[in-house]
*Asks:* 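Please find one structure pasted underneath; my questions will follow.
Per chain, numbering begins at 1; letters A, B, ... match sequence-line order.
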Number of protein chains: 2
Amino acid sequence: MENLPQHFDSVFTVDCIIFGFDEGELKILLIERNEEPFNGWFALPGYFVEKTESIESAAERILYECTGLKGIYMEQFYTFGALERHPQGRVITVAYYAMIRLTNQKDLKPVTTFARQAVWMPVKDMPELAFDHSRIFRKGFEKIRNKISYQPIAFELLPEKFTLTQLQHLYEVILNKKLDKRNFRKKMLAYDILKELDEKQKGVSYRAAKLYKFDKRKYAKHFNKELTFTKE
Amino acid sequence: MENLPQHFDSVFTVDCIIFGFDEGELKILLIERNEEPFNGWFALPGYFVEKTESIESAAERILYECTGLKGIYMEQFYTFGALERHPQGRVITVAYYAMIRLTNQKDLKPVTTFARQAVWMPVKDMPELAFDHSRIFRKGFEKIRNKISYQPIAFELLPEKFTLTQLQHLYEVILNKKLDKRNFRKKMLAYDILKELDEKQKGVSYRAAKLYKFDKRKYAKHFNKELTFTKE
DNA sequence: ACAAAAGTGTTCCCGCTACACCCATGG
DNA sequence: CCATGGGTGTAGCGGGAACACTTTTGT
């Protein structure tokens, strides 16, 4: 194989699975494509990586273009390169996922031309997606389902202040099974990564629950990891 | 960004971390490069992926060219695409690892021209590698160290028949810590994935140990996975 | 007989599971 | 006062960790 410099122009893409939690449902961000191929189909937000940017920053840029959000930690999880995955040629794609907090800004307008609109799609009514994106989604979903069972990463999806019941619901949705309330609370508090606030829920027609906050410091101490949740 | 068809020719590479276990040491397969850049440096076996092959088959081909081995199950673990990782341009690389049984054929002759020689390098004396291969290696090594603690994947490194002590040594080398003999045996036998043979070690000047074999059937039953160890 | 590794059980502790009732609040 | 979710404890079980001596074999 020749290795002439002009051959060193890789063309490849990034695709992102962006999880959000809203109205008790797990959702992911999809775009409706506005160009061929698969014009009009739903797809994962993703596009070509520029020659001058790293894969990570491309992922961040795409996420920004679809949501207006910046500085979200994304994790690479797999690279898909089947020969026939793109009808126009050989395009490999590096897949990332992110979990974001979607408060207020529920209706997102994409800042790009390649997407007609962006929507939060409940995971349970996922349509068939463009390219091999359905497959990418399944693999990514499996990944976070796995990860959440041994690492407390669900906070990223919740508002800053949340109740234990909200947190539990989120786990139940992701893991797709009922959890025991007492055991869940015991275990979660035993992790010692939550800070109990002097504040309660408001506006509910039943006993208000205590609010909690995720405590980055304690998390870092226990898991001796960088605080990768929100890259600063 | 334009998306003219002639731009749809990705150029990218595959790099492989191939683990072997020999003389009580964990080793990985390195090649000595025979072309620029990094001519003469040690590197992970890897090369460009052809336009007509999938990433997986490219990985297999490369492994074959370096070792003569076929049908080894390789697992993709990360894609590296930092801008400056290749001095001649933007080249992203998809990294795989494999664990192989290296009996008899300790001296491998590469079937390629881009490698001057292939060597089994003990992990503990790893030199600095070409490109960002040292980083790739560290990430891959961490991956298998992680994986081995919750999935019994170490058999692939041992000869077909092995003693429990050999298996334990292998775990100790990978995890880099001493394990308790009784607990190790108890746990390993409890997995119920070993078949005890009617055969003993030979040629040792002490009490001969029983030989065991990895039992694919039982493994598949417990882990309900395909028998991915040796793809047939 | 001695050197070297094979082989073997028990106890303790911790974390997970299962399970049901009273409490606070708003309407 | 009632409906709704908030909040709490305990007992049993199972898996992991710690720990030391006897057996077999070749030299």
*Asks:* Using the side-chain heavy atoms of B:K186, tell me which of these nucleotides is nearest: D:dA17, D:dT27, D:dC19.
*Replies:* D:dA17
*Asks:* Rounding to an integer number of Å, can you tell me how far A:L189 CG sits from D:dG6 C1'?
*Replies:* 13 Å
*Asks:* Just the rounded figure in Å: distance from P of D:dG15 to NZ of B:K187.
*Replies:* 11 Å
*Asks:* Roughly, in whole Å, what's the span from CD in B:Q201 to C1' in D:dG26?
*Replies:* 13 Å
*Asks:* Quick test of your reading of the model: are A:E160 and A:R101 salt-bridged, counting only N-O distances below 4.0 Å?
*Replies:* no
*Asks:* Which class fits the ring pair B:F141 and B:F137: parallel under 30°, tilted 30 to 60°, perpendicular over 60°?
*Replies:* parallel
*Asks:* In this structure, are over 12 heavy atoms from other groups packed under 6.0 Å from A:R85 atom CZ?
*Replies:* yes
*Asks:* When the distance from CE of B:M188 to P of D:dA17 is rounded to whole Å, what number comes out?
*Replies:* 12 Å
*Asks:* How long is the line joining CG of A:L167 and P of D:dG6, in whole Å?
*Replies:* 12 Å
*Asks:* When the nearest nucleotide of DNA chain C is assigned to B:Y206 and to A:Y206 on a heavy-atom basis, which residue is associated with the more 5' position?
*Replies:* B:Y206
*Asks:* D:dG6, OP1 or OP2 - any side-chain N/O from A:T165 closer than 4.0 Å?
*Replies:* yes
*Asks:* Is the shortest heavy-atom distance from the side chain of B:V119 to the side chain of B:F42 under 4.5 Å?
*Replies:* yes
*Asks:* What integer distance in Å separates B:K178:NZ from D:dA18:C1'?
*Replies:* 16 Å
*Asks:* Quick check: on DNA chain C, is the nucleotide nearest A:R182 upstream (toward 5') of the one nearest A:R207, or the reverse? Name the residue that is more 5'.
*Replies:* A:R182
*Asks:* I need the CZ-P distance between B:R185 and D:dG16, as an integer number of Å.
*Replies:* 18 Å
*Asks:* Heavy-atom count check: over 12 atoms from other residues, nucleotides or ligands less than 6.0 Å from B:Q117 CD?
*Replies:* yes
*Asks:* For the pair made of NZ in A:K202 and P in D:dG6, what is the distance, rounded to whole Å?
*Replies:* 17 Å
*Asks:* Taking any atom closer than 4.0 angstrom to a non-hydrogen atom of chain B, what span of DNA chain C does the protein reach, first nucleotide to last?
*Replies:* C:dA4 to C:dT10
*Asks:* Nearest-nucleotide wise, let me know which of B:N183 and B:A208 is further upstream toward the 5' end of DNA chain D.
*Replies:* B:N183
*Asks:* Hey, can you tell me if B:Y97 and B:F77 have their rings parallel, tilted or perpendicular (30° and 60° cut-offs)?
*Replies:* tilted
*Asks:* Can any side-chain N or O of A:H133 pair as donor or acceptor with the backbone N or O of A:L44 at less than 3.5 Å?
*Replies:* yes
